[in-house]
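Some notes on the structure that comes next.
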Amino acid sequence: MRYDIRLRLDHSYPAASDHVRNLLRLLPSDRPNQRVLRRLLTITPSPQERREMVDYFGNATTLVAWHKPVAAISFHLSVRAERMGVSTMDMSPRLNALAPELMAAGLAPDSPLHFRSPSPRIPPTPEIAQFAQGIGQPGQTVRETVALLGQALHREMAFDATATDVTTAPATAFAARRGVCQDFAQIMICGLRALGIPAGYVSGFIRTTPPPGMRRLAGVDAMHGWVMAWCGITQGWVEYDPTNAQWAGEDYITAAIGRDYADAAPVRGALRTAGAQSAAHAVDMVAL
């Protein structure tokens, strides 16, 4: 499926700041299941510094900084990209046979060895591990286990945009059984790692479907977070969305991947100002 994606992300500050620096991971890149035909990121006002680079995990990364006072910043993204379909075949080993396959993995950036251990935002959590161990059984395939855990979390958790923020730990969101896509994904990653399945965080875009009989509205698609899990040498990486209890298929476009949200956050930054900043965003993801 081919899409045109447009994102507008607006940040405003109650007091103009002359020390603003942002690290952006907004630009999708080519991946095994994705091809980017064009991409453009424009920023208003123009930053005094701008540097494009590729990080360790292959994410297109933009570093920007302002040295003059700014009270508001707008990021405008325009992308045309293709997403390939998801295979329904299960070619993964049994859960108790995954460890020997891990021993054959190298140390390239996409190696599962980088995604099997705790990471800064996803420490070991006994409660999540216990929940996952109740789902994962040795006779199941790894791919089957990924889906079963995602479905169980979807049933167990309630989507609540007011319950958490970007700093909320997976243990806190799981204890409350409430959160947003970031929480669903990081809890699932924690559970998969507890079962010995390498897993990471995916940030990107999802195309929403309006209710039956309703027309699509502009700006209602969203940036989203979901899970990548390694299912053995033959199957490789798969992507699952526990927020919506489904495989991440043609309606998803990846912007960045990492061990957890911190590695793939769309915008990270530092500034010196007074008061609380505000942010708003709108996404259009139009199928061509």
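By convention here, the first residue in the shown sequence is residue 1.
- Of the options Arg83, Arg31, Arg143, a salt bridge (charged side-chain N to carboxylate O under 4.0 Å, His left out) to Glu239 is made by Arg83 and by none of the others.
- In this structure, a donor-acceptor pair under 3.5 Å is absent between the side chains of His11 and Asn22.
- Atom-to-atom distance recorded for Ile253:CD1 and Ile5:CD1 is 5.0 Å, nearest 0.5 angstrom.
- Between Asp251 and Tyr3, the shortest heavy-atom distance links the atoms OD1-OH, 2.8 Å.
- Between atom CG of residue Asn59 and atom CG of residue Leu26 there is a gap of 11.0 Å, rounded to the nearest 0.5 Å.
- Looking at His67 and Glu49, their side chains do bring a donor and an acceptor atom within 3.5 Å of each other.
- Distance check: Arg155 CZ to Arg177 CZ gives 12.5 Å after rounding to the nearest 0.5 Å.
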Tell me, with the steps shown, if Arg178 and Thr162 meet side chain to side chain donor-acceptor pair (under 3.5 Å). CA-CA 9 Å; Arg178 312 185 79 80; Thr162 67; over 6 Å; no
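- Applying the under-4.5 Å side-chain rule to Ile, Leu, Val, Met, Phe, Trp and Tyr, the cluster around Met53 extends to Leu23, Leu63.
- Checking Ser29 against Arg39 by side-chain atom types alone, a donor-acceptor pair falls below 3.5 Å.
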Worked verdict on Phe115 versus Trp237 for ring-ring contact (aromatic ring centres under 6.0 Å, His included): CA-CA 11 Å; Phe115 298 88; Trp237 290 97; 5.2 Å; yes
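- Side chain of Gln34 to backbone of Glu82: no donor-acceptor contact under 3.5 angstrom is found.
- Interatomic distance, CZ of Arg6 versus CE of Met285, reported as 14.0 Å (0.5 Å rounding).
- Atom CZ of Arg51 has 12 or fewer neighbouring heavy atoms from other residues, nucleotides or ligands inside a 6.0 Å radius.
- For Tyr240 and Phe184, the ring centers sit 6.0 Å or farther from each other.
- The aromatic rings of His114 and Phe57 sit perpendicular to each other, their planes meeting at more than 60°, with 30° as the lower class boundary.
- The number of heavy atoms from other shown groups lying within 6.0 Å of CD (Gln130) does not exceed 12.
- To the nearest 0.5 angstrom, Arg121 atom CZ is 6.0 Å from Gln182 atom CD.
- With no hydrogens or angles considered, no side-chain donor-acceptor pair links Tyr201 and Asp263 at under 3.5 Å.
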